[in-house]
Amino acid sequence: MKKKGIVLLLCLLLFSYFVVVKEKNRSFPKNQTIESVSLQESLVTEPFTISVEKRDIQEYVDAYPILTVVFRITNTSQGDLDLRDFASKAVLYQDFNAAYIVNIKRQEGDFVDKHFSNAYSPDDFLFRTGESKELALKYFLEKEEKAYSNQIFLDTSYYEGAFQKHLKDGTLLYKTINLGDVYQ
Amino acid sequence: MKALHIRVLNRKRTWLLLLITLLMNGLFFYNNRSDSVFLSYVPLLSVWNQNMIYLESSSGAGLLYSVLFYFLAAMPLSDALVEDQETAFRNQLLLRRSKKDYIRTVFLGNFFYGGLFTVFPLLVHLALAFLVFPILPVNVINVNFYNKFLLGKLILISPLLFYVFRLVLVFLLGGGVASFALFLNTSQNNKYVGLFGVFVLEWLVQLLILLFNRITHQALRIHGIGELAVVLSITEGKATFLYTLVFFGLPLVYFWHLAKEEHPHA
């Protein structure tokens, strides 16, 4: 009888636990959508369209391969477009590992300017209405060549409206550009 | 085996386990009490990356766990054989069962409870973390994992599966440490050497590796058993595997011989 009572109490506790956990998560998204485009396909964000025209490994630093990704960005907004924060908002993921753009210099003659033949300045990421630019941006790759899933993740702030709309339906929205096998 | 269950439940050390669990979780949730979740940011803060297992020893509670891991494993039964000999309880037991059976039961019981005592604080922690942090969908972008995480890709199949795998791994490593502590206690005929001996031994091994690397200009690296239980990234596979094999093998060989001896040391 005592044993039965303990079992019943434990079942009740367990049930209450699951109810509380379920209640806690009621207002949080349960699903996710990853919209992905391939090479040379355009990804539409709110203020611009972006595509990767080509990508290849042209150089190595300390045996680390550096991937050059040629982006085509077109300003589709009604006004000027400021993408000076692009370096931190277009992140290359090789499975879980993240890599950031390395060839954007802060000033003339700095470390980046000396080490990369085509280093961009932040002002190169300013677009006038309708302006389109091709930018060859570089990322450090993983030293160990494996069949990673290689994708450029675009920050959600570039499609905040669509993100919030999906969020209302309980879905997280992410937009990525699939680079395929980058070591090829 | 039933006698071992009762023995563990009646020991004061079991209360110590509850106290350690309470202390660690209190410390963790006090330091991580902010529940603000910014859904448009990556990495996304959720239960999958806001827990003691994921944060390893970078959280105060995790650091405490990494040190207490050895103690927790050795706590429940690693002194059982020495205690039985001191109280002459062993002689009574051996009247009713074979020595081989007796040693095997204590060895397996010690392994099981060593594993259970190391997993228990983490299990309680995860159960509490589910009450505090949201359960959110994960992908390679938002979960903030690394490629070197041991079986990290499991999280993409099922985050729960990844944490079950971690708990099973910790259970096995805890069992291994408990076996080594039992071996130290029994071979030294001392009830306490195993409680801290494994911890000291692992640090000595790391110190020796450091000295070896200094002298030979090598870059040998071996993950200790305690490190394997706490750290998610495994970078040195082969050397660590060999070390783990020796660590698990030594007590097995010792107790196998002990069970065969006519007049055992313990």
Side-chain angles (χ1 to χ4, degrees), chain A residues 13-14 16-36 88-99 141-144 146-168 170-176 178, chain B residues 5 9 25 29 33 35-51 54 123-160 162-163 219 232-237:
Chain A
L13 273 173
L14 209 62
S16 313
Y17 174 78
F18 283 113
V19 168
V20 173
V21 171
K22 202 170 162 51
E23 194 56 36
K24 159 90 191 165
N25 288 284
R26 188 180 290 276
S27 59
F28 289 104
K30 287 167 187 59
N31 307 310
Q32 59 180 334
T33 300
I34 301 175
E35 279 182 20
S36 190
S88 61
K89 291 190 171 179
V91 184
L92 168 64
Y93 278 85
Q94 291 194 274
D95 285 347
F96 294 111
N97 281 15
L141 291 180
E142 289 284 294
K143 205 177 198 173
E144 201 179 346
K146 277 188 185 174
Y148 302 109
S149 132
N150 303 292
Q151 52 189 330
I152 304 268
F153 161 67
L154 289 182
D155 193 86
T156 55
S157 61
Y158 289 152
Y159 42 93
E160 186 67 27
F163 183 86
Q164 292 300 338
K165 195 178 159 195
H166 276 74
L167 202 56
K168 276 183 190 162
T171 303
L172 293 167
L173 173 69
Y174 297 110
K175 294 195 177 192
T176 67
N178 189 355
Chain B
H5 298 327
L9 282 175
N25 282 293
F29 290 107
R33 58 190 180 280
D35 60 351
S36 304
V37 180
F38 302 100
L39 291 168
S40 58
Y41 286 9
V42 288
L44 200 53
L45 302 185
S46 70
V47 69
W48 311 122
N49 56 18
Q50 287 298 293
N51 61 69
Y54 173 83
L123 202 61
V124 171
H125 172 76
L126 279 182
L128 292 174
F130 276 103
L131 294 173
V132 177
F133 302 109
I135 303 166
L136 295 170
V138 298
N139 55 53
V140 288
I141 296 155
N142 71 10
V143 75
N144 208 25
F145 267 39
Y146 297 93
N147 289 347
K148 293 283 183 193
F149 279 10
L150 188 64
L151 289 183
K153 280 191 175 174
L154 271 183
I155 200 133
L156 302 174
I157 300 165
S158 159
L160 205 57
F162 173 78
Y163 282 98
L232 298 172
S233 298
I234 304 300
T235 50
E236 306 298 326

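Naming convention: chains lettered A, B, ... in sequence-line order (proteins, then strands); numbering from 1 in each chain.
Side-chain atoms of B:Asn139 and A:Tyr174 form no donor-acceptor pair, as typed in the model, at a separation below 3.5 Å. Between the side chains of A:Gln94 and A:Asn150, a donor-acceptor pair is found at a separation under 3.5 Å.
Looking at A:Glu142, the atoms closer than 4.5 Å to chain B (heavy atoms on both sides) all sit in the side chain, from C-beta outward. Proximity to chain B is limited to the side chain of A:Asn25, based on heavy atoms less than 4.5 angstrom apart. Heavy atoms of B:Val143 lying under 4.5 Å from chain A belong exclusively to its side chain. If you measure heavy-atom distances from A:Thr176 to chain B, the contacts under 4.5 Å come from the side chain alone.
The distance between the ring centers of A:Tyr148 and A:Tyr93 does not fall below 6.0 angstrom.
At a threshold of 4.0 Å, the pair B:Lys148-A:Glu144 counts as salt-bridged, since one of the basic side-chain nitrogens sits closer than that to a carboxylate oxygen.
The candidate from B:Ile135, B:Ile155, B:Val42 with the greatest count of non-hydrogen atom pairs under 4.5 Å with chain A is B:Ile135. Interface summary for chain B: among A:Asp95, A:Val91, A:Thr156, A:Leu167, the most heavy-atom pairs under 4.5 angstrom belong to A:Asp95. Ranked by heavy-atom pairs under 4.5 Å with chain A, the list B:Ala127, B:Pro137, B:Ser40 is led by B:Pro137.
Cation-pi contact between A:Lys175 and A:Tyr158: absent, since separation from the ring centre below 6.0 Å together with deviation from the ring axis within 45° is not met.
Side-chain atoms of B:Tyr146 never come within 3.5 Å of backbone atoms of B:Gly152 as a donor-acceptor pair (strictly under, hydrogens ignored).
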